[in-house]
Number of protein chains: 4
Amino acid sequence: MAAKRTGEKYEAIIDAAVRVIAQFGYHQAQVSKIAREAKVADGTIYLYFKNKDDVLISLFNEKMGAFISDVERALSAVPSPEDQLKELVRLHFEYLEGDHELAIVTQIELRQSNPEVRRQIGLIVKKYYDVIDQLLRSGIEKGSFAEDFDVRTARYMIFGTIDETVTSWIMNDCKYSLMGQVEPILRLFLKGISR
Amino acid sequence: MAAKRTGEKYEAIIDAAVRVIAQFGYHQAQVSKIAREAKVADGTIYLYFKNKDDVLISLFNEKMGAFISDVERALSAVPSPEDQLKELVRLHFEYLEGDHELAIVTQIELRQSNPEVRRQIGLIVKKYYDVIDQLLRSGIEKGSFAEDFDVRTARYMIFGTIDETVTSWIMNDCKYSLMGQVEPILRLFLKGISR
Amino acid sequence: MAAKRTGEKYEAIIDAAVRVIAQFGYHQAQVSKIAREAKVADGTIYLYFKNKDDVLISLFNEKMGAFISDVERALSAVPSPEDQLKELVRLHFEYLEGDHELAIVTQIELRQSNPEVRRQIGLIVKKYYDVIDQLLRSGIEKGSFAEDFDVRTARYMIFGTIDETVTSWIMNDCKYSLMGQVEPILRLFLKGISR
Amino acid sequence: MAAKRTGEKYEAIIDAAVRVIAQFGYHQAQVSKIAREAKVADGTIYLYFKNKDDVLISLFNEKMGAFISDVERALSAVPSPEDQLKELVRLHFEYLEGDHELAIVTQIELRQSNPEVRRQIGLIVKKYYDVIDQLLRSGIEKGSFAEDFDVRTARYMIFGTIDETVTSWIMNDCKYSLMGQVEPILRLFLKGISR
DNA sequence: TATGAATGAGCTTTCATTCAT
DNA sequence: CATGAATGAAAGCTCATTCAT
């Protein structure tokens, strides 16, 4: 009854969901299509997930969770707040550029999902917000960043800019490299929040 | 046969759609519910709109079109690029803070709509991008803004930040005033793009 | 309130109905389309007809009524039963070949109409059956036709054959002349029912 | 995804469709009514058929296909063309008299269906035309039938007469036996087409 | 564990008809 | 007489979820 949260089928289903949603779009990603792509029966999905929403939420949770861990690990290895910010932007772009399907799914398709899924996604993204906020606060403490800006406002800028940049990149069919945007964006950020 | 694109019923239906979508959410905004709210028969909607999608696209077009016109008019009355940017942010916030329901609909709910509607919405938002780009280019020409940043990148920052700020405000139930965010955001922007 | 059964608009509406049904088919012949073709307002149709069914029934009645009168008149001018039968087949074909649109409407499209319309059409066709039956009975009395066949059965043959011939002709886009079929059909009939 | 074309539910749905259409008429034969009659859920119909049209086309195809096979088998067992024609008329009447509901559906109700369904039905009936044409040609070759008539014209007579006879029988509530009509009709046919 | 056939609730759109002008 | 804007009932189809095997 309770859904298993591991196993190779668990992962197969999540990966199938990413592929199907990326290829057909959120509104054409039926459970049966995901099951077929994962080479399992429709009913099998309900052995590993509570319902379709749970597949989508788990998908986001797995992918975003791994990303956030990577970011946290990377930031802890970098002492300077400026370099930390650069690392965050770089990793964000690298992660999505390395998996176009995932980029499409998390950036475009999953945003059309129903209220419950978006609520859960919001809770997960919240952790990423915390990472950014922490980075900013630490930078202010260390004297790298100015004290005259509101952390939350700066986080809106950082996340909003990154998000808009990625969305725009996808809308343009990922036909240029995101990595080239790291430096320009960073320059704007640092000028904006530096002393 | 052809849908009439004006008349008091036309406006009544669009306004009803805003209210219904704001209150019940995109997925619970049935045509019959919108019709009831507009105090017209279901079929009457199809005298003024081609189909349900057309209602949503028209809604966005009317509201966003009016907003963009307002912004363009306001910007032309302000000489300094710095003040123009401030005016843009201020108007954006003022417009949405002045109509919470519209804010919810355009910022949250309509983003869950089907591909065709989102495609049309994208075309309309494109015009707003152009306004921002124009503002930035003119500021660079006049020497107010630095020359070492990419206009598109700066636009990602400006639009992305504004968008994220508004989304966050709505997610927090609009319980503080957006206007208080104008100055802090602007300071980040101007430090970022000034010479 | 009571529908006027004459007037130039009455005829204009019936003729418009024939053209619209012939061009667009029964299922795409909406009242508003017929009104537009007749250059009257939708509501005007209801000044001349009780409802849409009444338009269709009146259409059939007018056209078939005129045809039956023509046939009766023609038959009375011909003494020999054999020649009468020939005249009936000839007139039937001539009438429909002379008005392809009417042929399509009465032969194909109106047969898809609802039960009430078809019931009324049946009553009108009944008169044509009577003309055929009378022709046959008179031919038997005069000794032209054999006595060993049932009149009703022969009428099934005559009407069924004519009907099938016309339907087939329309299905083949009226691309040959019906008149060429008069002699062959008549030969079969006469051999079948002659002494 | 692809509709299953066999199984006991497949047959149950087709049989339910015959009963519902016969009882309520084509225009009152909703999918949900057919489903209820077949004791399946509405959605189950779409596991076995592409859409409602497909139910109707399949219905006609199954019934008419079986009938045509029966006729072909029977004719091949009869050497004389005259007896073959008799067998064809007899089987036609026997088949419909043995299933009044099917007679009503194929003879009356399905003729009101939409253009696509009627087009498909036409293709199926075409095979029956071929059987008749073949019978006639073979009779001419064997010297049983005259050579001075057109096969197509004779087929119009044979099919048209049979069709008209059955329609008339149904319109009179099937209150007499069709079998009694076999001999009279056949006499007319044979006199008409014999040497 | 795994299957996949079966379920059934839910919604957009059309169009004949009316009636205030 | 004539108009045409407004009405509102009615139905085919999809797809997440279940459960007997």
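None of these values were measured; they are calculated from a predicted model. First the proteins, then the strands, lettered A, B, ... as listed; each starts at 1.
- Here the closest heavy-atom approach between residue Ala35(C) and residue Asp42(C) is recorded as CB-OD1, 3.5 Å.
- Side-chain proximity of Val31(A) to dC13(F), dT3(E), dA16(F): nearest is dA16(F).
- Residue-level contact check: Tyr48(B) touches the backbone only, with heavy atoms under 4.0 Å from sugar-phosphate atoms and none from bases.
- When rounded to the nearest whole Å, the span between CD of Gln30(B) and P of dA11(F) equals 20 Å.
- Side-chain atoms of Arg118(C) come within 3.5 Å of backbone atoms of Ser113(C) as a donor-acceptor pair (strictly under, hydrogens ignored).
- Ring geometry for Tyr10(A) versus Phe49(A): interplanar angle under 30°, hence parallel rather than tilted (30 to 60°).
- One can place NZ of Lys39(A) at 17 Å from C1' of dA2(E), the figure rounded to the nearest angstrom.
- Distances were taken from every side-chain heavy atom of Lys52(B) (C-beta onward) to each of dT13(E), dA2(E), dA5(E); the shortest belongs to dT13(E).
- Nearest-nucleotide mapping onto DNA chain E: of Asn51(B) and Gly43(C), the residue sitting toward the 5' end is Asn51(B).
- Distance Ile45(B) CD1 to dA5(F) C1': 15 Å, rounded to the nearest Å.
- Distance alone, capped at 3.5 Å, is enough to place a donor-acceptor pair between the Glu109(C) side chain and the Tyr26(C) backbone.
- Checked against dA2(E), dT7(E), dC11(E), the side chain of Gln28(B) finds its nearest nucleotide in dC11(E).
- The side chain of Tyr46(C) lies closest to dA16(E) when the candidates are dC15(F), dA16(E), dT3(F).
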Go ahead and write out DNA chain F as dot-bracket, 5' to 3': ( ) for pairs within the strand, [ ] for ones crossing earlier pairs, | when the partner sits on another strand, dots for unpaired; Watson-Crick or G-U wobble, both distances under 3.5 Å. .||||||||||||||||||||
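- Spacing between atom CG of Asn114(A) and atom P of dA16(F) amounts to 11 Å, rounded to whole angstrom units.
- As a whole-Å value, the separation of Tyr10(B) OH from dA5(F) P is 17 Å.
- Atoms CG (Asp42(D)) and P (dA9(E)) sit 9 Å apart, rounded to a whole Å.
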Go through the steps to decide whether Val20(B) and Arg36(B) satisfy the test side-chain contact (heavy atoms from CB on, under 4.5 Å), and finish with yes or no. CA-CA 10 Å; Val20(B) 168; Arg36(B) 205 179 317 131; over 6 Å; no
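- Atom NZ of Lys33(C) and atom P of dT14(E) are 12 Å apart (whole Å).
- A donor-acceptor pair under 3.5 Å links the side-chain atoms of Lys33(A) to the main chain of Gln28(A), judged by distance alone.
- With rounding to whole Å, Lys50(D) atom NZ is found 16 Å from dG12(F) atom P.
- On the C1' atoms, dT1(E) is 13 Å away from dT21(F), given to the nearest whole Å.
- At a threshold of 4.5 Å between non-hydrogen side-chain atoms, the residues Ile170(C) and Leu96(C) do not count as touching.
- An OP1 or OP2 oxygen of dA6(E) is reached within less than 4.0 angstrom by a side-chain nitrogen or oxygen of Lys9(D).
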